[in-house]
Amino acid sequence: LQLLPYRKQNIVMRGTYAYDGRYILEASFGATGSENFAPGNRWGVFPAVGAAWNVHAEKFMQKENVLDILSKLRLRASYGLTGNDNTGSSRFVYRELLTNSGSQNIGLNPGTNGGPTTSIGRIYENTFAAPYISWEIEKKSNFGIDMGLFRGRVDITADYFYNRREDILIQRVTIPTATGFRVNPWQNFGVTTNEGFDASITVKHNIGKDWVLSARGNVTYAVNKIVEKDEIPQAYPWLAQTGTSIGTNKIYVAEGLFTNQDFIITEKSDGSYNYKLKDGIATYAADVKPGDIKYKDQNGDGIIDAEDEIAIGRSNYPELVYGLNLNAEWKGFDITFFFQGAALADFYYNGYLAFPYIEGRGGALLEHHIGNTWTPENPKAEFPRLYYGGNANNQLFSSFWM
């Protein structure tokens, strides 16, 4: 398959109409045929339409006192479809794939009954045909405004967008093994949405004939949501990924650290202490001690297990991205400063920072841990108690490390 050239065929058309510099209408049409789909499903049709109204070109705007303040005003709207035929490294997924799996002996075994044995080749159906799959479709809508203030010294652009992706190309994961599928079949399944806004403002100022100062700020906010996902219905609603954002992890919710009040403490003959959790306090590991992480029992069954994981916080994809550009020009020379940032994302402590003194990691204790680990005298520390070796309880992927 890798030796065969990739093949697509496209038809594209576009038409634009403008009237008196005030009203603009543009329509486009695209049709694409893909080798990944069976005849009858190969072609995807993707129309789009957009319109704009240049309000500043209207007669009621052509007044000096208005243009001195609002020199440009344009309203925009568009709607269209786009398609995706990407199935990764798999090609021609609409066809079945047969696999040669060596040979199979049939007949009598000469070593026992003295009969003949024949060896024949074996072929099995690896990937089942999926002649019904077709294009993954995204419906994209956008509403925007462009403004110019003070005779072009300030430009503002803002857009709101809403995209809905349907019939997503996936390999099903909820297929029982009793069906006999060796490879999970392909199907158009799943819906996600992506919504947000994008805006920028540019300010420009001339100082004499030689100096030009400008600044540009931009911000983009976008949040996605899984509307439909290929998953088995869960016993508890918080276990489902449907309704969460892409990239959001299911984790345990930490309620702080265990304290002495959570245990019945008895002294052993060697002077050490035995810690037994009081009745009604749920735990993940049986050997927890004061200073270990305490988790919330979401379903109230008295134990901490995978059914207590929930989708909490944000994904590791930033929902907010922003930037600032400062520029100065003088007689053909210019200097620019650029700043960029991202926010509204969740990341997690890991490795040495989260788990000091892990066996096999060289007993690494970072300077950051000194004075920041739990002790009876420091119950509000940033990190749990120190320990040597593994600690199944404290190493759970939880909100404590978020």
Can we say [X] and [Y] salt-bridge, meaning some charged N sits less than 4.0 Å from an Asp/Glu carboxylate O?
X	Y	answer
Glu319	Arg314	yes
Glu138	Arg165	yes
Asp68	Arg151	yes
Asp270	Lys268	no

Heavy atoms, side chains only, cut-off 4.5 Å: are [X] and [Y] in contact?
X	Y	value
Thr373	Asn378	no
Val45	Phe29	yes
Ile281	Phe258	yes
Val223	Asn194	no
Asn41	Trp43	no

For this session: Output every pair passing salt bridge (charged side-chain N to carboxylate O under 4.0 Å, His left out) with a member in residues 75-87, not counting sequence neighbours, ordered by first then second residue.
Result: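 Applying salt bridge (charged side-chain N to carboxylate O under 4.0 Å, His left out) to every pair that reaches into residues 75-87, excluding sequence neighbours, yields Lys8-Asp85, Arg76-Asp146, Arg76-Asp159.
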
Taking atom types as modelled and ignoring hydrogens, do the side chains of [X] and [Y] form a donor-acceptor contact shorter than 3.5 angstrom?
X	Y	result
Thr242	Glu231	yes
Asn126	Thr99	yes
Asn54	Arg74	yes
Thr192	Asn224	no
Asn142	Ser78	no

Exercise. Which pairs with one or both residues in residues 144-190 pass ring pair (Phe, Tyr, Trp, His ring centres under 6.0 Å), sequence neighbours excluded?
Worked result: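 Qualifying pairs, neighbours excluded: Phe128-Phe181.
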
Counting only heavy atoms from other residues, nucleotides and ligands, does the tally under 6.0 Å from [atom1] of [X] exceed 12?
X	atom1	result
Lys204	NZ	no
Phe60	CZ	yes
Arg95	CZ	no
Gln9	CD	no

Closest approach of [X] to [Y] (non-hydrogen atoms, all atoms of both residues):
X	Y	answer
Leu326	Phe339	CD1-CE1, 4.4 Å
Arg42	Phe37	NE-O, 2.7 Å
Glu136	Leu169	OE1-N, 2.9 Å
Leu239	Glu309	CD2-O, 3.3 Å

For this session: Kindly assign one of parallel, tilted or perpendicular to the pair Tyr19 and Tyr17, based on the angle between their ring planes and the thresholds 30° and 60°.
Result: parallel

Problem set entry | Parallel, tilted or perpendicular: ring planes of Trp53 versus Tyr23, cut at 30 and 60 degrees | parallel

For this session: Sequence neighbours left out, what passes side chain to side chain donor-acceptor pair (under 3.5 Å) with Ser399? Give chain and number order.
Result: none

Sub-3.5 Å donor-acceptor pair from the side chain of [X] to the main-chain atoms of [Y], do we have one?
X	Y	value
Glu382	Asn372	no
Thr283	Ala286	no
Glu26	Ile24	no

Exercise. Aromatic ring centroids of Phe383 and Trp374 under 6.0 Å?
Worked result: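 No, the ring of Phe383 stays outside the 6.0 Å limit from the ring of Trp374, centre to centre.
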
Exercise. Is the gap between the ring centers of Phe397 and Tyr252 under 6.0 Å?
Worked result: no

For this session: Show the numbers, then the answer: is there a salt bridge (Lys or Arg N to Asp or Glu O under 4.0 Å) between Arg182 and Glu125?
Result: CA-CA 8 Å; Arg182 290 177 177 264; Glu125 193 171 23; over 6 Å; no

For this session: Check the pair Asp292 / Arg385 against salt bridge (Lys or Arg N to Asp or Glu O under 4.0 Å), numbers first and verdict last.
Result: CA-CA 6 Å; Asp292 286 331; Arg385 67 180 178 91; 2.9 Å; yes

